[in-house]
Amino acid sequence: MLYMGAVIGFFFTAQFVQSVYHWPPLQGGLSFLQMTLVNFFFAVRVPRLLERFGRPRVLAAGVVLTTVGMAWLSRLEPAHPLPDRCGPADGGHRRRPVALAPMTSSGVDGVAPEDAGAGSGLVNTVHQIGRGLALSILTAVAATVFTGHTAADITARSAIARTGSAVLLALAVAAVLTLVVPARASRK
């Protein structure tokens, strides 16, 4: 829930590029195309990574990389064009499949085969609740801090929202390291 809620912070980046850089929606969307394509590239590599390093390590690495990327992206300013900030930010976002696949499978780990459908449905429901809840919280926090419509206000508002996303991701790292990794190790 924390992870899926936190990655909604990229939503604020789309608003930022349209409102601050004045990019039309198509250009804003196309600016994220490279990250989407790289997501597909990493998604097909996840099974090999899981086989080689194990689910807990891959999951922890994916969540940490996404956290670093979101923290870097939260520093986005009008003076820094998006491509200048996409190095680590893109690195965190494009490794999202590295975290998402083992996270989802960890959610159903240990579930009896006859309950696998219900367990999977619960995991996906929690993903969706995390997104909706985080978006509403991050939007409310950002809107209460800066209410203007200038580029500076929009920059500050989106930076606060992405910083909040980075905090949620840091909490997700803590949850993975304290709940998922030890639980998996104890089953060996």
Side-chain angles (χ1 to χ4, degrees), residues 1-14 32-75 85-138 161-188:
M1 190 161 119
L2 290 168
Y3 183 86
M4 293 306 290
V7 297
I8 202 72
F10 284 99
F11 166 80
F12 296 96
T13 305
F32 296 102
L33 183 60
Q34 65 161 335
M35 288 189 255
T36 303
L37 294 175
V38 175
N39 264 334
F40 289 120
F41 173 78
F42 275 97
V44 299
R45 303 237 184 274
V46 169
R48 287 187 218 133
L49 291 171
L50 292 172
E51 186 178 306
R52 182 171 180 190
F53 299 106
R55 187 177 351 141
R57 286 183 182 155
V58 172
L59 174 58
V63 176
V64 167
L65 287 170
T66 308
T67 304
V68 170
M70 186 62 75
W72 184 265
L73 191 60
S74 71
R75 314 266 313 149
R85 287 288 178 179
C86 273
D90 184 25
H93 180 66
R94 68 180 162 183
R95 287 177 178 77
R96 193 167 83 189
V98 175
L100 191 55
M103 183 182 313
T104 301
S105 63
S106 291
V108 295
D109 192 26
V111 174
E114 62 272 10
D115 296 328
S120 175
L122 181 61
V123 167
N124 287 307
T125 299
V126 170
H127 285 181
Q128 298 305 317
I129 290 171
R131 284 181 174 174
L133 186 60
L135 182 60
S136 62
I137 291 169
L138 294 172
R162 289 188 305 264
T163 300
S165 289
V167 169
L168 290 174
L169 284 165
L171 292 172
V173 169
V176 165
L177 295 177
T178 59
L179 301 173
V180 177
V181 172
R184 184 72 180 160
S186 68
R187 287 194 194 122
K188 289 185 178 183

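Ala161 and Leu138 make their closest contact through O-CD2, 3.6 Å (heavy atoms, listed as atom of the first residue, atom of the second, distance). Between Ala99 and Gly62 the shortest heavy-atom distance is CB-C, 3.7 Å. The two residues Ala6 and Leu169 have their closest heavy-atom pair at CB-CG, 3.3 Å. Taking both residues in full, the closest heavy atoms of Val108 and Ser120 are given as CG1-N, 3.6 Å, listed atom of the first, atom of the second, then distance. Nearest heavy-atom pair, Leu59 versus Ser106, reported as atom, atom and distance to 0.1 Å: CD2-OG, 4.0 Å. A pairwise comparison of heavy atoms in Met70 and Ser165 identifies CG-CB, 3.7 Å as the closest pair.
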Exercise for the section: Output, in order, the C-alpha distance, side-chain angles, deciding distance and verdict of side chain to side chain contact (heavy atoms under 4.5 Å, CB included) for His127 and Leu100. Expected result: CA-CA 10 Å; His127 285 181; Leu100 191 55; 4.0 Å; yes

Exercise for the section: In sequence, state the C-alpha distance, the side-chain angles, and the governing distance for Met103 and Val180, and then conclude on side chain to side chain contact (heavy atoms under 4.5 Å, CB included). Expected result: CA-CA 9 Å; Met103 183 182 313; Val180 177; over 6 Å; no

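Note that the OG1 atom of Thr67 and the CG atom of Leu168 stand 10.0 Å from one another [nearest 0.5 Å]. Remark: Arg162 CZ to Phe11 CZ distance equals 12.0 Å, nearest 0.5 Å. In this structure, CG on Leu133 lies 5.0 Å from CE on Met1, to the nearest 0.5 angstrom. The distance from the CG atom of Leu73 to the OG1 atom of Thr66 is 12.0 Å, given to the nearest 0.5 Å.
Listed by chain and residue number, Ser74 satisfy the side-chain contact (heavy atoms from CB on, under 4.5 Å) test with Thr163 (two or more places apart in sequence, or in another chain).
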All N/O donor-acceptor pairs, side-chain side in residues 42-54, below 3.5 Å, sequence neighbours left out:
none

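Side chain of Ser105 to backbone of Pro102: a donor-acceptor contact under 3.5 angstrom is found.
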